[in-house]
Amino acid sequence: MMKEGQAVSSVTEKPVARKRWKLPDETGILGMLIVVFVIFCAMSPNMRTLSNGLVLLLNGAVIGLLALGQTFVLLIGGIDLSTGANIAFMGVLVSLLMAHGVFWPLAVLLTLAAGTLMGVVNGIIIQYFRVPPFIVTFSTMGVMSSLALIITGANSISITQPGFAFIGQGLVGGVPVPVLILAAMAILAGLLLSKTILGTHIYATGGNREAARLAGVNITTTTITVYAVSGLCASLGGIIDTGRLMVGFPTTGLGDELFFSIAAAVIGGVSLFGGVGRVQGAMIGAVLIAVVSDGMNVLNVSSYWQSLVIGVIVLIAVIFDTYRRRSAGVPLSETLRSLLRTHGMRRTG
Amino acid sequence: MAEERLVAQGIVKRYGSATVLHGVALTLRSGEVHGLVGHNGAGKSTLLKVLAGAVAPDGGTILLDGRPVSFASPAAATAAGIACVFQELSLLENLTVTQNLFLAREIASAGILDKQAMRETARRELAANGLNLTGDEKVANLPVAQRQMIEIIGALARNARVILLDEPTTALERGQIDRLVETLRRIARERDVAIVIVDHKLDEIFAVCDHVTALMDGRVVLDAPIATVSHEAVVESIIGQQEAARLQAQAPAVHATAAAKPSPILTARGVGAPRGLRDVSLDLAPGEVLGLYGLAGSGRSRLLRTLYGLEPVGHGTMRLRDRPYRPQSPRAAMREAVVFVSEERKANGFIPDFDAIRNCTLPVLRRHAWGGVIRRQEAEQEAIGVLERLRVRGDIHAPMSRLSGGNQQKALLAKAVLQRPQVLLLDEPTKGIDVGTKAEIHAFIRSLAAQSGVAVLVVSTEEEELLAVCDEVIIMQRGRCSGRRHEAARLDSTTLRRLALETTPEPVLA
């Protein structure tokens, strides 16, 4: 590996400008995460314990998964508003399957497939009928949250297969299973985005749809795939939530989840206009949100304050991001123009 | 004699360690049109931005009507009477012409718009400048030429004393260019304003300007009344004598029409498409550069797009390597080694946030991947090799949107070459590019055909370009092309233009 790297750098060095090392885009938000964490730790000794750290991550796992799926969608310049409703629907679906005697691992697989399918449906409607993603996923949000109520008659479904609890409550080496699932998914997603053709095509589609198409990128496949990934992540979130409670609630996931997951991605530097952002950033964003929620719990601050604090953080992150773009030599007017262009492009597709 | 309206002296601009302007002097006189020419990266745009208040100079003075000025922002420059008409037009498309002309200086009493007064003033101004518009048209529905004129009228209405135009003719057709040139000369004279034009087409500079300034590497290398300089002198000052000699030596002999021509790789017979293509026949052989010339709306670009699978074929037959060819998508065309370089460099040429290397590798990732995982170093190495061969200047590791237009275009050619094309479709390959880079690109296209045996089809609205780069030229008229070839060596711009205008259809290719 080393040898290869050296060979390449000696080629690039000579005639053309050498690649300059620069700070990763996520440096700022990582710094903010550390500062916030240190402040909370200073204010409360409970914050500093390892067990609290694990609780914090466990509570943040579902948000993290949603943010992961949202990252894929945001990267092509789309948005998925249906993830929270997908959690609700998939949570009751997995419960119902088990209630009807389906062995829990199979129920999990079927639910994951169903969640992915919901994402595929989003993608197909967006791609083939040229409807803006905001409207499509806005509608499917309504459809799925309603389906969750319809198929349960608004009743909760208790789960009788104890093995299922492993997904929500299990520990491996002292680490909660949901945290491990999130970590595995994040690593897979990160590799997919940075190392594979599909990943490059996702960034290309979000960067300039028409140019990507002319360069031979299959926009249809790319679009459907990212919504499928979002659907998969959401259904995984639904399964985890259900496994933690061991009850299928038709209203799980319809709270702050959607807001927090988009917030996590945006705080982490994933552009709402496509083409820019990484999994690392979205995960740091998700952890930051988890730290803020947990810290406020530990300090006995009313949970009503959570969304307010996170909303303010999102605004700060976006302002910071805009400033960074500008100071990197890209004038603000150019940024705004490219925003307008992205919006114009999305309509004509 | 014209008075000195704006005098810039010793203008210095540095970006980090790079000095872009080394003490540039420029004198603009009222009533005159002043041409600013130079290689890409020579400093023309930076100089314009300094004058327009968009960039703060690191040294030097600017006198406007004898008084020293320094602009904190473009708005300050506008307020002082310096107006810019840049390549990306700044009109609001969702508003009407009148609304645009009166934007931020609407006529109103007690907050209520006086639409009648604005409409009348707008109509008078439009008519005075040869625009047959009522003022109620939505800007979105107007052609580029008219929008540009409206911007200039808007600048005049805001009492501009200096108007800066950055490549105003790139998007225009021959007739529109002539009209613009005439209008600019008249405006300069009648309104007593100083006009600056950045332009790469020297015939236009000679047609419109009173005075020309050439920049090279941030220094003024030529500054003279247009009447006192020759065409050749301007070209030499732009590209430098050494560079001119190098290109001369490097380019394979143009128009070396081989005696025995290989059989065509791509043929079209009676091809028509729902929108704009009626009856097109052509043959394209490996190793040749074939030009396609026609007026706006004749279907030149549409033909290229059809050959690339972007537009459906209605009737007729297309054959590639003696097999039927009917691509349904760009990907299908690319699988057949047919590659297209779009005219709309900024709109759909590249991914702005990707660097040049990543843009180049985008279409060929499959070649450098195993199971969908990219071998990035291998892919990048290949791309860097081609980018170097094309002498792309600038940071190829920075977002491609930051390269200059000429270098972007070179990178797009590199991207095309990496796809190992057998048929290369080029739509306006040097649009808005300086003379030096243009010559480099032409030489590269020639060598691609001569040495790699690529079949190249070039669409261009610039007659000189087609004559310089092509072996032969075919003509499109209103969606029709007979496929009859005209040897470039025996053509000149006037003949070409006449051919495109002729209404009698040419004999059809057998």
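Letters go in sequence order (proteins before strands), and every chain restarts at 1.
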Supply the atom-to-atom distance [X] [atom1] to [Y] [atom2], rounded to the nearest 0.5 angstrom.
{"X": "D353(B)", "Y": "N208(A)", "atom1": "CG", "atom2": "CG", "answer": "10.0 Å"}
{"X": "I197(A)", "Y": "T361(B)", "atom1": "CD1", "atom2": "OG1", "answer": "10.0 Å"}
{"X": "I374(B)", "Y": "T200(A)", "atom1": "CD1", "atom2": "OG1", "answer": "3.5 Å"}
{"X": "L214(A)", "Y": "M334(B)", "atom1": "CG", "atom2": "CE", "answer": "9.5 Å"}

Worksheet item: If every non-hydrogen atom of P363(B) is compared with every non-hydrogen atom of A215(A), which pair is closest and at what distance?
Response: CB-O, 3.3 Å

Item to complete: With sequence neighbours excluded, tell me which residues meet ring-ring contact (aromatic ring centres under 6.0 Å, His included) with F354(B).
Response: none

Fill in: Counterpart residues, ring-ring contact (aromatic ring centres under 6.0 Å, His included), relative to Y203(A) (two or more places apart)
none

Worksheet item: What part of L310(B) lies closer than 4.5 angstrom to a heavy atom of chain A: side chain, backbone, both or neither?
Response: side chain

Discussion item. Need one label for R366(B): side chain, backbone, both or neither, based on atoms under 4.5 Å from any heavy atom in chain A.
Written reply: both

Fill in: Side chain, backbone, both or neither of S194(A) within contact of chain B (heavy atoms, under 4.5 Å)
backbone

Discussion item. A side-chain contact here means heavy atoms from C-beta on lying under 4.5 Å apart; do N348(B) and R209(A) qualify?
Written reply: no

Fill in: Winner by heavy-atom pair count (cut-off under 4.5 Å) against chain B, out of G207(A), G216(A), G275(A)
G216(A)

